[in-house]
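Below is one structure, written out as C-alpha cells; the observations come after it.
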Protein chains: 2
Amino acid sequence: MRNAEFDREKVLRSAMIAFMDKGYAKTSMQDLKAATGLHPGSIYCAFENKRGLLLAALGQYREDRAQEFQHFFSDERPKLVQLKNYLEHVVQECISCQAAQACLLIKALNELAEQDDEVQAILIENIANWQTSIEDVFSQAIANKELTGERSAAKLSRFFVMGIYGLRTYAQTHPQADVMHELAEQLFSGLCQE
Amino acid sequence: MRNAEFDREKVLRSAMIAFMDKGYAKTSMQDLKAATGLHPGSIYCAFENKRGLLLAALGQYREDRAQEFQHFFSDERPKLVQLKNYLEHVVQECISCQAAQACLLIKALNELAEQDDEVQAILIENIANWQTSIEDVFSQAIANKELTGERSAAKLSRFFVMGIYGLRTYAQTHPQADVMHELAEQLFSGLCQE
DNA sequence: CTCTATCTTGAATGTTTATTCAAGATACTC
DNA sequence: GAGTATCTTGAATAAACATTCAAGATAGAG
C-alpha cells in the first residue's frame, strides 16, 4: 500500500560509481549511503546486503553497456567504421573520466576473482557475452568483404578485446590523450592490414 | 645485541603473494601472520604498519623483477629474440599460476590508485622504469638493424607494454594456453612487420 | 478521514580489523 | 656466565565495519 520512494536505476548507477571509485571492499555502507542517498536499512531491505547491491549494480551495468553497444553497431555504416568509432569511444572514456573509473567488470574481477566464485562466474559470463558480440561484428565485417577472412572472426575479436584491456590499463599509468590515440591507431591497423 | 630472526626477503615475498592473492584491503593481519610467520608485533616493529609492509614488499618486487629482466636481456642474442622470449615468459606466468597472481604493480594500482597518492606515485614510477627498460631494448634492436626504425622505440615499447597489460587481463577471463599463445604471437608479429 | 500495510530512519549490535604494549625469550658482549 | 639490549609473543585495545530492528513516517484503500 506504499511504493518505494527511490529510483532504482539512479541508486544502482550511484552504487556502480562508488564501487568503481573505491573498490568493493573499501566502499563502506556509509559511502554507499552517501552515494545512493539510501539509509542502511533501506539498502538491506531492497538488496539484502552489500553483496546484493553489488550484484544488482552489475546487472544495471550490463544493461547500460548493452544499450551503449547497440548505439554503436545498429546503423548501416561499414562494420570496420563502427569498430573504429567504438574503440575511439573507449579511448575517450579512458582519457576523460578519472583513470580509476575503469570497466566495472574488469575492476571487480581483479578484486574478487579468487574470493567469490558466484560473482566471478557472473563477471566472466558478462565479459564472454561482450566478446561474443564483438565477434559477431567481425563476422559481419568478413561477410561484407571488409576483411579477407584470412584471420577468423574469433581470432580478430580476441585480439581486439585484449587490446581494449591493454588500453584501459595503460591509461591508468599514463593517461595522455595523444599517446592513447596513437595506441588505439596501432591496434586497429594491426587488425585490418597484414 | 640480538639480530632479527626472520629472513627479510622470504617474509616480503610471502607478503607479496598474500597481497596479490587477496588484494591489499582484504589481506588481514591474520592472513599476513599466517603467510609470513611473523606475529603482529614483529610486523609492526619491522615495517611500522600494514602499509609499510606493502611498501617494503613493493620494493622487493621491484628488485626481483629487475633481476628477472636482466636474465632475459643480458645475453648476446638478437634483441627481437629476447623480446619474444620475454613475452613468452609473461604468457607462461599467466597460464601457470592462478590467474589472480597478476603483476603486483598493476594489481595494486587498480586497487589503490585514488586512495593513496604516495603508493600510487611509487607504482607509476616503477612501471615507468620498466617501460623505459623495454624502450632501451627496442632502441638497441633498431641500432642493430633488426628493426627499420620507421616506428620509434618509444612507440614500439608503448605498444608492447600495452600488449602485456592486455594479455594479463585477458588471462583472467580465459586462461587457455593456446589462446594466450596465439594472442602473444599476433602481438609480436604486429611489432615486426608492416 | 481513518486505518493499515509498507517504507524509511538511524541508533544499537556484534563482528572484524589494525594496532599497541608489557611480559617473556634469546643472542650477543664483556 | 652474568648482564643487557633487542627481539618475539599474543592478549588487550580501540576503531571501523556490516548488519539488525523497533520506532516513526507516509501513501494508498476503503
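Protein chains get the first letters and strands the later ones, always in sequence-line order, with residue 1 at the start of each.
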Among B:Lys145, B:Glu150, B:Arg151, the one residue meeting side chain to side chain contact (heavy atoms under 4.5 Å, CB included) with B:Thr148: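 Exactly one candidate clears the test, B:Glu150.
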Name of the residue among A:His71, A:Gln70, A:Glu76 meeting side chain to side chain contact (heavy atoms under 4.5 Å, CB included) with A:Ser74: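 It is A:Gln70, the one option of A:His71, A:Gln70, A:Glu76 that forms the side chain to side chain contact (heavy atoms under 4.5 Å, CB included) with A:Ser74.
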Side-chain donor-acceptor pair present, B:Asp31, B:Ser28, cut-off under 3.5 Å: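 Their side chains do contain a donor-acceptor pair, which is all the 3.5 Å distance test asks for.
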A:Asn144 and A:Gln140: side chain donor to acceptor below 3.5 Å: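 Judged by distance alone, the side chains do not pair up.
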CA sep, side-chain torsions, deciding dist, call: A:Arg65, A:Glu93, salt bridge (charged side-chain N to carboxylate O under 4.0 Å, His left out): CA-CA 13 Å; A:Arg65 285 296 196 192; A:Glu93 216 179 45; 3.0 Å; yes
Heavy-atom donor-acceptor pair, A:Glu146 side chain to A:Leu80 backbone, under 3.5 Å: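 Here the side-chain-to-backbone pair exists.
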Flag, side chain of B:Thr169 to backbone of B:Gly166, donor-acceptor distance under 3.5 Å: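 Absent.
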side-chain N/O A:Tyr44 vs D:dT20 OP1/OP2, d < 4.0 Å: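 Result: no.
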Report the nucleotide, chosen from [options], that has the shortest atom-to-atom distance to any side-chain atom of [X].
X       : options               : value
A:Pro40 : D:dT9, C:dA11, D:dA18 : C:dA11
A:Met29 : D:dT19, C:dA18, D:dT9 : D:dT19
A:Ser28 : C:dA18, C:dT9, D:dA18 : D:dA18

How close or far is atom [atom2] of [N] from atom [atom1] of [X], stated in whole angstroms?
X       : N      : atom1 : atom2 : value
A:Lys26 : C:dA18 : NZ    : C1'   : 10 Å
A:Ile43 : D:dC17 : CD1   : P     : 14 Å
A:Phe6  : C:dT8  : CZ    : C1'   : 11 Å

Ring geometry between A:Tyr86 and A:Phe72 (parallel below 30°, tilted from 30 to 60°, perpendicular above 60°):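 Perpendicular, since the angle between the ring planes exceeds 60°.
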Positions of residues 32-39 of chain B (non-hydrogen atom under 4.0 Å from DNA chain C), listed by number: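 Per residue number, the list is empty: none.
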Within residues 46-53 of chain B, residues whose heavy atoms come under 4.0 Å of DNA chain C: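 Nucleic-acid contacts, sorted: B:Asn49, B:Lys50.
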Axial cation check for A:Tyr24 ring with A:Lys50, 6.0 Å and 45° limits: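 Yes; both conditions hold, so A:Lys50 lies above the ring face of A:Tyr24.
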Upstream residue (5' side of DNA chain D) when A:Gly41 and A:Ala25 are each assigned their closest nucleotide: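 Checking each residue's closest nucleotide, the 5'-ward one belongs to A:Ala25.
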